[in-house]
Every structure is written in C-alpha cells, then in structure tokens.
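Numbered from 1 within each chain, the chains take letters A, B, ... in sequence-line order.
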Amino acid sequence: MRYKIENFIRGAMSHILLWMVSIVCLFPLVWMLSTSFKRMDEVNTSVLTFWPKEFRFDNYVTVIREAHFGQYFMNSVFYTSLTVLGVLTFASMAAFVFSKFKFPGDRLFFYLFIGSMMIPIPGAFIPLFILLIKLNLVNTRLGLILPYINSGLAFAIYLFKGFFDEIPNELLEAAELDGCTKWKVYRMIMIPLAKPILATVSIFTAMAIWNEYLLALVIMISRPVLFPLQVGIMKFQGVHITDYPHLMAGMGLATIPILVIYLLLQRFMIKGVTAGAIKG
Amino acid sequence: MRYKIENFIRGAMSHILLWMVSIVCLFPLVWMLSTSFKRMDEVNTSVLTFWPKEFRFDNYVTVIREAHFGQYFMNSVFYTSLTVLGVLTFASMAAFVFSKFKFPGDRLFFYLFIGSMMIPIPGAFIPLFILLIKLNLVNTRLGLILPYINSGLAFAIYLFKGFFDEIPNELLEAAELDGCTKWKVYRMIMIPLAKPILATVSIFTAMAIWNEYLLALVIMISRPVLFPLQVGIMKFQGVHITDYPHLMAGMGLATIPILVIYLLLQRFMIKGVTAGAIKG
Amino acid sequence: MAEVILKNVSKIYPGGYCAVQDISMEIRDKEFMILVGPSGCGKSTTLRMIAGLESISSGDLLIDGKRVNDVPAMDRDIAMVFQNYALYPHMTIFDNMAFSLHMRKYPKAEIKKRVEEAAEILGLTAVLDRKPKSLSGGQRQRVAVGRAIVRKPKVFLFDEPLSNLDAALRVQMRAELSNLHHRLQTTMIYVTHDQVEAMTMGDRIAVLHKARIQQIDRPMALYDRPASQFVAGFIGSPAMNFFRGRIKEVNNEMFLESDGFSLKLLPQTRDSLARGGQNVTDVMLGIRPEDVYDKLFIPAAEDRNVLPATVDLVEPMGAEIFLRLRCGAYSITARMRKDVTVTVGQDMDLVLDMKRIHLFEADSGRALLS
Amino acid sequence: MAEVILKNVSKIYPGGYCAVQDISMEIRDKEFMILVGPSGCGKSTTLRMIAGLESISSGDLLIDGKRVNDVPAMDRDIAMVFQNYALYPHMTIFDNMAFSLHMRKYPKAEIKKRVEEAAEILGLTAVLDRKPKSLSGGQRQRVAVGRAIVRKPKVFLFDEPLSNLDAALRVQMRAELSNLHHRLQTTMIYVTHDQVEAMTMGDRIAVLHKARIQQIDRPMALYDRPASQFVAGFIGSPAMNFFRGRIKEVNNEMFLESDGFSLKLLPQTRDSLARGGQNVTDVMLGIRPEDVYDKLFIPAAEDRNVLPATVDLVEPMGAEIFLRLRCGAYSITARMRKDVTVTVGQDMDLVLDMKRIHLFEADSGRALLS
C-alpha cells in the first residue's frame with residue numbers, strides 16, 4: 001500500500017524520528033570527514049564543530065606520503081580478497097551439501113556450525129594464536145588469512161543454506177534429467193543462482209576483514225611490513241596524544257575501497273529475509 | 001529432492017569436507033574448554049593436547065570467587081538487555097516507516113542508514129569517545145549503552161525492512177478496514193509478525209554486545225566497578241604471562257548465557273533468506 | 001438500505017496513467033453486483049476506491065446517499081474480502097474474526113456472540129482456536145468471509161476471493177457465497193476476472209475493459225445480447241466465434257461475404273440491421289459454439305450457407321464434445337452432442353443457426369442488432 | 001518405438017507409507033496416456049519413478065522392452081515438464097533449451113538448429129534472448145516443453161504442466177499440447193488432477209485412487225461406463241449425482257427404494273443386474289446431471305418415478321443452466337436448457353432418464369451394470 005502521509009503531524013513525527021536515528025548513525029562518519037580536514041590545533045580547541053575553519057587537503061597528502069600507504073593498502077587488498085574467495089568457496093560447497101543432500105548426522109553438523117558463531121571473539125583469539133605459533137604461522141600471510149576465513153564461514157554457511165533451501169528441488173531434478181552430475185548442478189545451477197548471496201557474503205566479509213585490526217596487530221606483531229591498512233594508519237594514534245586529523249584522513253581513505261565495493265555489489269545483494277511464516 | 005548418497009565415495013568426500021570445516025570452526029571452543037580444566041604448568045608444556053591429564057574444576061571456582069564474577073556478570077546483563085531493547089524498538093519503528101510509508105527522500109534516508117554500516121569500526125570509536133567526553137558520559141552506563149545501540153541499528157533496520165517488505169499490503173489494508181490506526185498496525189500486526197526478526201536481531205545483538213570488549217574497556221577506563229564480564233576476566237591476561245586456565249574458565253562461563261539465549265530463541269529465528277529472483 | 005452510487009468516477013495515478021475512466025453505476029440495495037473484466041481493466045481499482053483504499057481522482061462516490069469520497073476507509077462501514085485472504089497469521093481464527101469488533105470496542109459478550117454466530121453459519125466452529133496456517137484454502141476463505149460478516153457492514157466487497165482455490169472448491173464456494181447473499185440480504189460488490197463466476201453468482205454484471213464500463217446487465221442478457229464484440233467474446237466458454245465480413249445487398253436480399261464463404265442473412269436480421277447499423281458494411285459476425293451444427297443433422301440447410309471446415313481438435317467433455325475446426329483463415333469452435341463421432345483431420349460441413357448470429361461494427365465493436 | 005510397461009510397481013517410503021501399490025500398465029508407442037486422480041493418489045510418484053527421480057521399491061519398469069529400474073535418470077532418454085516449469089532463471093531461453101544438448105556435448109551447429117526448430121514450433125523465436133522471468137506463464141510453459149522436445153527423447157513426461165496457468169490459457173495450452181502430440185508422434189505420459197484435461201487430451205486415461213489404479217480406458221468409455229463409484233464421481237463436471245438405495249423385487253418388477261422416493265428399474269437394467277450384481281441389495285444409484293429432467297418436459301413419465309425437489313441455486317452458464325436442487329436428504333445437480341425459467345426456492349418435479357442410470361455396490365463401489 002505505501003501509505004501516503006496525508007497528515008502533516010504524522011509526517012513530521014516520522015521525519016523527526018528518522019533524522020534522529022540518522023544523525024546518531026552517521027555522526028562518526030561526519031566527524032571523521034570533518035576532522036580529517038582540520039589542523040591539529042583546531043581539533044584541540046573545538047572537537048565538536050563539524051565545519052572546519054578551512055579545508056586542508058594536506059592531511060591526506062601527508063598520510064599517503066608518510067605512512068607506507070601504498071604498501072599497507074596492497075596488503076589489505078591481498079588479505080581481503082583471498083579471505084572472501086576462501087569463504088565463498090567453502091561456505092557455498094558446505095551449504096549445498098547441507099541443503100540438498102541427506103546423510104546421517106546432517107542436522108547435528110549444521111547446528112555445530114551455527115553454534116560456532118556463538119563463541120566470544122576474545123575467546124577465539126587466544127587459542128588461535130597458540131595454534132598459529134605451533135604451526136609456525138605467526139608473522140606470515142597465511143597465518144592471518146586462515147583465521148580470517150574461519151571467522152567468516154559459519155555466518156556465510158547460514159546465509160547460503162537459507163538461500164539454497166529456497167531453490168525448488170524441481171530445478172535440480174530438471175538439471176539431472178538434462179544430464180548434470182551433482183558437481184555440475186553445483187557449478188552451473190546453484191552458484192550462478194546464488195549471485196545475491198555471493199554479493200552479500202562478499203560485502204559483509206570484505207567489510208569485516210578490511211576493517212579488522214586486532215587480530216592483524218597480534219599476528220603480524222613483528223612484521224610491520226605485512227600490516228594491513230587499518231593497523232598501519234594507527235601510527236598516528238599515540239599513547240597520550242593522538243594526531244586526529246592525520247588518523248581521520250587515513251581512515252577516510254581506508255573507507256573508500258569498501259564503499260566502492262558496496263556500491264558495485266549492492267544491487268546484487270539480497271533484498272529481503274523471509275521466515276516462511278507470513279503467508280497465512 | 002535431498003539426494004540419497006548412493007555412492008560411498010561421494011558420501012565419504014562430503015563427510016571429509018564437512019569434518020574439516022567443522023574442526024576449523026570448532027577448534028577455539030574445544031581448546032577453550034580443554035584448557036579451562038588444565039593446570040597452568042600443563043598448558044605450558046602441551047598447549048595442543050585436547051584431553052587434560054585431569055579435569056580440574058577449581059579453575060572455575062577460583063574465577064567465580066576471585067574475579068568479582070557476579071558483579072561483572074550483572075553489568076553485562078544490564079548493558080546487553082538494554083541495548084537489545086533499544087535496538088529492537090528504534091530499528092523496528094524506522095523499518096516500518098521505510099517499508100510501508102511513502103515520503104520524499106525515503107530512498108536516500110535508507111541508503112544513508114545502510115551506508116553507515118560501512119564505516120570502519122576503529123574509525124567509529126574515536127569520534128564516539130570524543131563525543132562522550134564532551135557530553136560527560138565517559139565512565140557512565142549510558143555512555144556505553146548509547147554507542148552500543150548505535151552500532152546495532154543499521155543492520156537491524158536492514159533486517160526488519162527486508163521482512164516488512166514481504167508482509168503483503170493487503171494485511172495492512174485489512175487491518176485498516178478493521179479500524180486500526182497506523183500505530184496500531186505497527187503494534188498489533190507488524191511487531192507480532194516480526195517475531196523471527198525480533199529473535200534474530202536479539203541473538204545477534206546480544207552476542208555482539210555480550211562479547212564486546214574494546215569499547216567497554218575504553219569507556220569504563222576509570223570505573224572498573226562498571227566493567228562487563230569480558231573485560232573483567234581479562235585480569236588473568238598478563239602483559240607477558242597469561243593465566244590461560246583461569247582466563248579460559250572465565251570465558252567458558254561467559255559463553256553460557258549466550259548459548260542459553262541462542263537455544264531459547266533459535267527456533268524463532270528466520271529460516272531463510274530470499275532474493276525474490278529464484279522463481280522463474 | 002445501502003445503495004452504492006458511482007458518478008463519473010475516475011482514477012488517474014500521479015504518473016498520468018488512467019486506471020478507471022469516468023465510471024458511473026448504481027448498485028442497488030441488497031444487490032449482488034459483479035465487476036468482471038480481464039486483468040488491468042480497472043475493476044480492482046474501482047473496488048478499492050469504494051473501500052477507501054485508493055483516493056478518488058474525480059467524480060462522486062455515494063453510499064446510502066451520502067458522499068463518502070473523503071471518509072476514511074475504517075469509517076465507511078464496509079467490509080472487504082481479499083484475494084489472498086489477508087488473515088492475521090499470528091491470531092487464532094476467533095481473534096481474526098473478532099479483531100474489527102475488538103478495535104471498535106464492542107463488549108466482550110457481544111463479540112463472542114457474533115463470532116460464534118458467524119462461525120456457525122460458515123462451519124468454522126471447530127477451528128476457532130486454530131491459527132490460519134493450519135487451515136485449508138477453503139477454510140481460510142471462509143474465515144475471511146466470517147471476518148467480514150461479524151461486523152454486519154452496509155456493503156461487502158470481494159476482490160477475486162476464489163482465485164486461489166482449486167476448481168472443485170471454487171464451484172462449492174460459489175454456491176456458498178450465493179447462499180450467503182440470500183441469507184444476509186446485504187449489498188455485495190464482487191470483482192473477478194472469471195466470467196463463469198460472474199455469470200453464476202451475479203444479480204447483475206458490469207463488464208469492464210480498458211478502464212471503462214462496457215455493459216451492465218443481468219447474466220443471461222449479457223450472454224444473449226452483448227452490447228459489444230468485447231463483451232460477446234469475454235462472456236461464455238468456449239468463446240464466441242468471430243468472422244470478419246462485408247454486408248452486401250443483391251436482388252433485395254442481404255448477404256455477408258467473408259473469406260471463402262458467403263451467408264444469406266434472415267429477413268429479421270436485415271430489418272434489425274436497418275435500425276441499428278445503417279450504412280455499416282464492414283462487420284464482425286459472431287456465433288456461439290452451440291449454434292454451429294454439422295450439416296448432416298440439418299438437412300434443410302441452404303447450400304450457400306455452408307462452411308466447409310476441417311477438424312483440428314476433438315475435446316470430449318463427457319456430456320458433449322467440443323470441436324476446433326479450421327475454415328479458411330478462421331478457427332471455429334463447435335459444441336456438439338456426445339454421440340457425434342469425429343476424428344482429427346476429417347472434413348465437416350458446418351451450418352450456422354442464422355437466427356442466433358450477432359453482428360458488430362468492425363471498427364468500434366458496437367453491436368448492430370438489437 | 002517406445003513402449004513403457006509397469007509390472008506390479010510399488011513405492012514404499014522408509015517410514016512405511018505406501019505411495020503406489022502394485023500398479024501395472026502398458027503405455028503403447030505414440031500413445032498419449034493420462035494419469036489422473038485426486039492429490040495424494042500416487043500419480044506423481046508413478047511419473048517420478050518412470051523418470052528415475054524416485055527409486056522403485058518393487059516391480060519392474062520397462063522402456064522399449066528393457067528393464068530400467070536401475071538406470072539413472074539422465075540415461076533413460078526421457079524428458080520431463082514440471083509443474084512449476086523449473087526453468088533455469090539465470091539462463092536465456094536459448095540456453096535453457098540448449099542446456100541438455102550442451103551437457104551431452106552435441107556440436108554447436110546441431111544445438112542451434114534443434115533449438116531454433118523447437119522455438120519455431122512453439123512460437124518462441126522472438127524471445128530466445130530473454131530470461132525466463134520476463135516471460136508470461138504461458139510462454140514459460142512453452143519453454144519447458146521446448147526444453148523437452150529439443151532432446152527428441154523416447155518418452156515425454158508431464159507433471160501437471162498447466163496447473164499454474166489461468167483458465168483461458170489452460171484451454172489454449174491444452175489444444176497446443178494435443179497438436180504437439182499429433183505432430184511429434186511420441187509416447188507421452190501426462191499427470192493431472194483435472195478431469196477436464198484428462199478427458200480432452202488423453203488417448204487413454206488411468207484413474208488412480210488411494211495408490212491403486214481404478215480403471216484404464218478411453219475418455220468417453222470412462223464417462224459412459226465407469227468401473228466404480230469413485231471413477232463415476234471423479235470424471236465429469238458437474239459431478240454425477242448419487243442416491244443410496246435398496247433393490248426390491250415386487251410382482252416380478254424391480255424397484256430401487258431410497259429416502260422418500262422409489263424408482264422402477266427398466267427390464268434391461270434388471271437383466272444386466274442379474275448378470276453383474278446378483279444378491280446385491282444395498283446399492284448406490286448414479287445419474288449424471290444431463291440425465292435429470294424437469295417433469296414438465298417429459299409428460300410420459302410414470303408418477304412413481306418422480307422426485308419432488310426444491311431449487312437451491314440457479315447457475316446460468318450461458319448455453320445452459322445448472323440447477324442445484326434439494327430432494328429430501330440429497331442434493332441433486334441438474335443440467336438444463338438455457339430457456340428454463342426457474343427461481344430459487346421454487347418446487348420442481350424431477351424425472352431421471354432410467355436408461356442412463358448407473359448402479360454401484362454400496363460397500364465396494366463396484367459397478368453392477370455392464
């Protein structure tokens with residue numbers, strides 16, 4: 001129906017609610033941008049003015065020039081893209097098996113996966129770190145990417161399985177009659193159809209990995225040359241005094257790739273979530 | 001169709017894949033439990049044995065007795081439940097407006113919300129902290145809960161809107177003919193129907209907030225009495241030597257409430273995600 | 001007493017699309033009025049304007065003599081049954097039916113009485129405690145009807161209520177709704193795209209096409225005297241056969257000449273045509289399948305009124321047989337007695353019952369015989 | 001040459017539920033065989049066993065004389081059209097139709113030729129580049145058929161292919177599928193729950209009920225000589241009327257006594273009954289709606305063969321009128337000429353055409369007249 005809001009009061013109230021929530025949600029972004037154009041002394045005197053006295057682009061120039069920006073950036077691209085690839089591959093295959101095959105213990109397996117989403121993040125860090133030491137993977141690229149993939153799998157399997165469950169079995173049966181093996185069903189039917197989930201999982205995984213900070217700092221502890229961007233730009237954060245303008249400029253720059261990915265992929269993203277319980 | 005796996009090889013391969021992924025996903029949980037029953041010296045000699053030489057429950061007893069466990073626990077319950085409540089309220093209302101009302105700029109608003117999900121987390125921390133200082137909210141409960149709510153809103157709105165979009169407009173029209181105002185439609189139709197989303201958002205929000213560590217540490221910096229559980233148990237993590245058994249016992253205990261919530265709510269959770277593109 | 005009157009009602013959407021154009025009709029008290037037409041003809045929009053779910057762009061809507069264009073839906077004292085039932089999935093059947101009374105703050109005892117009465121009428125007493133999803137399609141439809149009747153509204157609106165049911169259930173629900181109308185004696189307005197529903201249920205039928213009303217009349221009148229080629233083709237199954245042709249007068253006799261055959265019109269047709277369609281030469285001839293005969297059974301037929309055809313398809317229906325035949329460029333449907341023996345590919349000479357032909361102006365589709 | 005033979009085929013699910021019980025039938029080369037029955041009767045399971053999508057619990061399935069119980073679906077040289085079309089949403093129409101040939105590594109030129117041929121036959125040439133979701137329901141159905149015919153399989157299977165289409169389109173697709181069968185001259189097995197589809201399309205029809213075959217015969221034979229009460233009630237619309245009664249012999253004449261009326265049976269009925277139903281006294285009398293008459297038009301009717309009834313519902317269908325009447329505890333449907341004028345509530349004396357009655361054993365439902 002999409003009500004027309006005939007009534008001014010109702011309209012105004014909705015707007016006020018939305019503006020309030022918007023402002024709260026968007027405050028960090030705005031502050032980040034505003035600060036990135038300020039000078040250090042301006043930040044100290046008026047942290048909460050949103051409009052800088054003058055727009056200083058040289059914070060950005062300094063960040064790119066001084067902070068090994070290119071190198072950190074490429075590291076981040078490498079970690080993020082490999083993680084996304086790994087998560088997509090393993091999760092889609094596991095979800096296909098969960099959704100369309102029948103085998104003893106299928107439900108138990110699935111709940112184990114979902115259960116593994118519930119483990120507290122700090123709780124997962126420490127065992128991981130110890131495992132990586134034992135495997136000699138600390139301070140290596142692989143040592144960062146493997147736990148990254150691990151961290152994204154459960155939620156991705158959950159999304160993929162939900163989607164595959166909705167693909168009517170007749171489609172798979174038709175493919176079988178047309179001469180497809182199970183593997184071809186996966187590759188030629190399930191994966192092309194799962195575009196919205198591929199996009200959604202890519203966006204969420206890329207976002208989480210691109211912005212990840214803590215695990216990278218721990219695992220790359222003695223190899224700063226392998227730092228991802230988010231760790232790299234933290235050199236502007238001191239123990240006592242933080243160089244906000246440069247830090248924010250770095251963060252602003254770091255946000256751009258993820259926004260680009262979002263803008264590229266969002267039209268493929270899933271549009272809705274269903275419970276199958278609405279019809280009635 | 002749910003294939004029967006006639007073929008042993010295929011079956012075995014699927015199983016191996018699933019076991020591998022399961023082990024990777026579940027390793028942290030198993031290590032945490034195993035370590036929590038060990039003694040400190042056993043950990044140092046054999047971090048990767050999963051079966052403790054003897055099961056020592058006294059790590060748990062020590063944690064509960066020494067670590068202000070009850071107090072931290074209640075703090076965590078307080079922060080988590082208020083955050084969940086706040087997120088559910090604001091997100092469901094905003095999503096109702098986005099989904100079923102037509103007003104100028106509706107799409108712009110929605111994309112701003114979703115866009116705010118893209119901001120790097122460390123990037124959001126610093127502006128927040130500064131804002132909270134200015135508002136004199138550092139070291140207060142409200143100062144922690146408000147940013148918590150903020151952090152959960154965008155994703156929750158996205159989920160609620162996706163669900164509300166699927167509720168047929170006829171249902172709202174029927175309610176209108178039956179004598180409902182828009183507010184009553186929200187309260188008596190939309191909210192009761194949205195149970196699966198309420199459950200899903202509750203679980204994910206509760207999980208994220210219960211396990212949150214960094215923001216709480218920063219905001220409660222000088223009021224340890226207001227620490228949530230995850231920060232409280234970190235006293236066992238030293239700078240150089242970490243008391244793994246006690247830390248893991250604390251984490252194990254900290255995991256229980258979230259597991260309970262999950263087990264209570266998971267049957268209401270959404271079963272699937274759709275793209276509306278499968279039919280064809 | 002609840003008449004519904006539409007005076008020159010139109011609906012124009014912001015984009016400029018005109019969904020309903022200048023519709024006027026008078027729905028009498030206690031009448032069962034059907035709005036029928038193909039999808040996109042404006043019938044649902046018209047119903048939604050009466051309900052108050054769509055605003056009226058121009059014209060007047062009167063219920064019980066009062067103009068209600070600006071009265072909100074909930075205050076029009078109208079109940080509506082939706083195509084997808086629109087039951088509240090989270091409420092029991094009782095609560096679904098009680099909801100509108102509850103919203104209007106009726107006393108509990110009164111609500112209970114009315115719901116139980118309605119459940120009794122509709123055979124829902126046993127399922128009052130259940131949720132909609134545990135009910136069959138037919139039961140859900142009955143709940144939707146029950147939700148409407150507990151309110152005792154002035155007017156009932158139905159928006160294709162049977163289109164989600166299977167064939168057998170549709171036949172049964174048709175009868176139940178007809179009986180309900182006899183029992184309640186309330187004005188009902190019913191939208192459907194199915195001409196069988198329209199024919200069998202309506203006191204009167206309004207046929208809509210391209211946002212306009214084509215004809216309003218009693219069912220058999222629509223069938224026997226369609227006002228336009230559209231109505232003639234839309235009402236009746238199998239559909240009427242049409243042939244394009246030209247009227248010619250030779251030796252004071254009138255003929256219709258078409259592709260490959262020529263028909264001599266009866267004197268009464270000629271007279272009627274003289275009144276309704278002077279100077280029209282390009283016409284469409286319409287003939288219903290039951291008025292097409294095998295020449296073998298009509299020995300008296302004039303030779304020149306015979307259409308040579310070939311059987312394309314034989315559809316035995318049990319009590320009768322439908323034949324699809326090819327006659328030059330035309331495909332003809334004929335409805336024959338079950339004891340006719342025919343095979344696909346066989347030739348058959350067809351004879352039309354000239355007393356029962358229809359003529360329409362080729363361009364406008366206007367009926368020429370009165 | 002592609003016969004399909006089922007010998008004592010059963011399907012029992014792990015839980016013990018028996019979906020198909022001991023079905024034997026022989027589908028001849030080039031035959032259009034219909035499996036029809038209410039939902040849950042086992043017709044779809046039977047089709048899926050023929051396709052190879054379900055395993056066969058016991059019995060033999062022979063295609064072309066070879067036992068194929070253990071041949072995987074993709075190697076049976078069978079094509080299937082699914083109820084929900086099951087088109088690949090991410091492929092163009094061309095790719096959908098080409099997919100099976102592509103999987104079987106046909107040369108590109110051959111694929112192109114076959115797809116274009118099929119598209120030509122089905123009128124899909126213009127949409128070959130489009131995606132399924134941009135097509136109408138009827139077009140999607142045609143693509144599903146096209147996907148089957150490009151493979152030139154031995155046998156076509158159809159699983160309720162028309163049930164997602166609206167009434168008018170269903171009539172049209174029925175004709176198209178019949179024509180396709182004439183054109184391709186291939187064995188086709190078609191599952192439906194709609195007896196009209198079964199009657200109009202099938203060379204032969206197998207009626208299934210409760211996991212078993214009730215009767216296999218040509219359409220009009222099923223209609224005229226149903227082997228059981230179930231078949232009699234399932235085939236034909238409106239459905240056959242049934243009355244429970246007892247056979248009595250008085251003064252060498254045979255009567256059927258029921259609630260409130262008594263009918264004298266014809267001598268030939270009596271003879272037939274003596275052959276097929278000796279000693280049976282509890283029977284069901286069946287009479288089709290077109291064999292029920294208003295006594296006014298049958299002056300010669302014996303007084304004692306008259307059923308007094310009251311009109312409950314009048315359904316004008318255009319060419320005829322269906323009446324629902326109440327006669328004691330029974331509801332009777334009668335099919336009358338359009339010029340009968342009746343109103344709801346009016347009394348009417350009914351006369352049955354005693355030459356056309358059916359008699360069934362009350363308990364087993366077995367037909368007693370041959």
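- Minimum interatomic distance between D:Leu313 and C:Asn179 (heavy atoms only, all atoms of both residues): CD1-OD1, 4.4 Å.
- Residue contact with chain C, scored on non-hydrogen atoms closer than 4.5 Å, is absent for D:Arg288.
- Under a 3.5 Å cut-off, the side chain of D:Tyr223 and the backbone N or O of C:Ala319 do form a donor-acceptor pair.
- A pairwise comparison of heavy atoms in C:Gly318 and D:Met220 identifies O-CE, 3.1 Å as the closest pair.
- Within 6.0 Å of the CZ atom in C:Arg326, the count of heavy atoms belonging to other residues, nucleotides or ligands exceeds 12.
- Residue contact with chain C, scored on non-hydrogen atoms closer than 4.5 Å, involves the side chain of D:Pro219 exclusively.
- Only the side chain of D:Asp224 comes within less than 4.5 Å of a heavy atom of chain C; its backbone N, CA, C and O stay farther away.
- Interface remark: D:Met317 contributes backbone and side-chain atoms alike to the contact with chain C (heavy atom separation under 4.5 Å).
- Across all non-hydrogen atoms, the minimal contact from C:Thr200 to D:Pro316 is CG2-O, 3.6 Å.
- Between chain D and the options C:Arg174, C:His182, C:Gln195, heavy-atom pairs under 4.5 Å are most frequent for C:Arg174.
- Using a 4.5 Å cut-off between heavy atoms, D:Val314 contacts chain C through its backbone alone, with no side-chain atom that close.
- Residue contact with chain C, scored on non-hydrogen atoms closer than 4.5 Å, involves the side chain of D:Arg170 exclusively.
- Per-residue counts of heavy-atom pairs under 4.5 Å with chain C were compared for D:Met201, D:Met199, D:Glu315; the largest is that of D:Glu315.
- For D:Glu320, the part sitting under 4.5 Å from any heavy atom of chain C is the side chain, from C-beta outward, and nothing else.
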